[in-house]
Colleague: 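The structure that follows is given in the form of structure tokens.
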Amino acid sequence: MSETGVSTVFDYEKDGAEIYRQSFATIRAEADLAGLPADVSQVAVRMIHACGMVDLVRDLAFTPTVVARAREALRAGAPILCDVSMVASGVTRKRLPADNDVVCTLSDPAVPALAAELGTTRSAAAMELWRDRLEGSVVAVGNAPTSLFRLLEMVEAGAPHPAAVIGVPVGFIGAAESKDALAAHPSGLEHLVVRGRRGGSAIAAAAINAIASEAE
Ligand SMILES: C/C1=C2N=C(/C=C3N=C(/C(C)=C4\N[C@@](C)([C@@H]5N=C1[C@](C)(CCC(=O)O)[C@H]5CC(=O)O)[C@@](C)(CC(=O)O)[C@@H]4CCC(=O)O)[C@@](C)(CC(=O)O)[C@@H]\3CCC(=O)O)C(C)(C)[C@@H]/2CCC(=O)O
């Protein structure tokens, strides 16, 4: 209601399916997706959709088979291991092809003491509780650079390899470096990253949702 007591009439789209249709059409018109493999392009569209930045494409780095490997893993029932609950919450369960577990161990009661013992963040310490589920999993890191660094340290120390890593932590301290480290890692982990400071939980969840949507 305005000050004059007259309600304002806004003209805006109210059909959810139409909003999505227009949104994806806008992304496909404005983003330079031409250099991407078709399956990575489909995932990139949803990542852009989650953040509104069509130039995100220029910062993508990936192994050519990352989406195929992640889809195979999900079809085979692999768990999705998330660094923070915001990522886990964003995964649309009904898209998952095998009722896959979506795991975030950050709020496990053991984590604060483990973090103190290891002298690291809770996000990184929480990864220790993934160890027995890492083999063939799909990892989604959307927030914490220390989680991604810790994953690489664990792999170097002999931990099982995940099938694919979506590495999109955001921020100013360690985010760019952790993603560069994943992309260059000698273990050759299948990965999809957004280089630089950009990233975030919503982008990580959107990438998983895009991967899952074609996996059934
Ligand atoms: C340094 C940290 C960063 N957090 C960022 C951005 C956001 N974090 C949010 C929230 C709610 C959470 N962040 C924690 C993961 C918390 N964040 C950190 C840590 C201190 C260290 C992580 C790291 O550097 O690798 C981390 C705590 C820890 O000991 O691990 C969180 C657990 C804190 C908490 O509430 O206890 C929590 C995650 C909760 C969950 O979902 O499970 C924000 C919403 C910020 C806010 O609350 O204002 C936001 C979300 C961003 C996103 O898209 O996910 C950064 C910027 C990523 C930053 C790391 C890099 C930097 O440059 O500082």
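Along the sequence shown, the residues carry numbers beginning at 1. Whatever order the structure lists ligands and atoms in, that order sets their numbers, starting from 1.
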Colleague: Hey, are Glu156 and Ser187 close enough side-chain-wise for a donor-acceptor pair under 3.5 Å?
Modeller: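 Side chains of Ser187 and Glu156: no pair found under 3.5 Å.
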Colleague: Mind checking whether His191 and Phe62 have ring centres under 6.0 Å apart?
Modeller: no
Colleague: Shortest non-hydrogen contact from Gln42 to Ala210?
Modeller: NE2-O, 3.4 Å
Colleague: So among Arg133, Glu128, Glu135, which one has a side chain to side chain contact (heavy atoms under 4.5 Å, CB included) with Arg131?
Modeller: Glu128
Colleague: List in chain and number order the residues that pass side-chain hydrogen bond (donor to acceptor under 3.5 Å, both in side chains) with Thr120, two or more places apart in sequence or in another chain; answer none if no residue qualifies.
Modeller: none
Colleague: A side-chain contact here means heavy atoms from C-beta on lying under 4.5 Å apart; do Val103 and Ile80 qualify?
Modeller: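 A side-chain contact is absent here, since even the closest heavy-atom pair is not under 4.5 Å.
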Colleague: Check ligand 1 for close polar pairs with the protein: N or O on both sides, less than 3.5 Å.
Modeller:
{"from": "ligand 1", "atom 1": "8 (N)", "to": "Asn143", "atom 2": "ND2", "distance (Å)": "3.0"}
{"from": "ligand 1", "atom 1": "25 (O)", "to": "Pro145", "atom 2": "N", "distance (Å)": "3.2"}
{"from": "ligand 1", "atom 1": "25 (O)", "to": "Thr146", "atom 2": "N", "distance (Å)": "2.8"}
{"from": "ligand 1", "atom 1": "25 (O)", "to": "Thr146", "atom 2": "OG1", "distance (Å)": "2.5"}
{"from": "ligand 1", "atom 1": "29 (O)", "to": "Arg122", "atom 2": "N", "distance (Å)": "2.9"}
{"from": "ligand 1", "atom 1": "30 (O)", "to": "Arg122", "atom 2": "N", "distance (Å)": "3.3"}
{"from": "ligand 1", "atom 1": "30 (O)", "to": "Ser123", "atom 2": "N", "distance (Å)": "2.7"}
{"from": "ligand 1", "atom 1": "30 (O)", "to": "Ser123", "atom 2": "OG", "distance (Å)": "2.5"}
{"from": "ligand 1", "atom 1": "36 (O)", "to": "Arg122", "atom 2": "NH1", "distance (Å)": "3.4"}
{"from": "ligand 1", "atom 1": "36 (O)", "to": "Arg122", "atom 2": "NH2", "distance (Å)": "2.7"}
{"from": "ligand 1", "atom 1": "41 (O)", "to": "Ser85", "atom 2": "N", "distance (Å)": "3.2"}
{"from": "ligand 1", "atom 1": "41 (O)", "to": "Ser85", "atom 2": "OG", "distance (Å)": "2.8"}
{"from": "ligand 1", "atom 1": "41 (O)", "to": "Met86", "atom 2": "N", "distance (Å)": "2.9"}
{"from": "ligand 1", "atom 1": "42 (O)", "to": "Ser85", "atom 2": "N", "distance (Å)": "2.7"}
{"from": "ligand 1", "atom 1": "42 (O)", "to": "Ser85", "atom 2": "OG", "distance (Å)": "2.6"}
{"from": "ligand 1", "atom 1": "53 (O)", "to": "Ser201", "atom 2": "N", "distance (Å)": "2.8"}
{"from": "ligand 1", "atom 1": "54 (O)", "to": "Asn143", "atom 2": "ND2", "distance (Å)": "3.0"}
{"from": "ligand 1", "atom 1": "54 (O)", "to": "Ser201", "atom 2": "N", "distance (Å)": "3.4"}
{"from": "ligand 1", "atom 1": "54 (O)", "to": "Ser201", "atom 2": "OG", "distance (Å)": "2.5"}
{"from": "ligand 1", "atom 1": "62 (O)", "to": "Phe172", "atom 2": "N", "distance (Å)": "2.5"}
{"from": "ligand 1", "atom 1": "62 (O)", "to": "Ile173", "atom 2": "N", "distance (Å)": "2.7"}

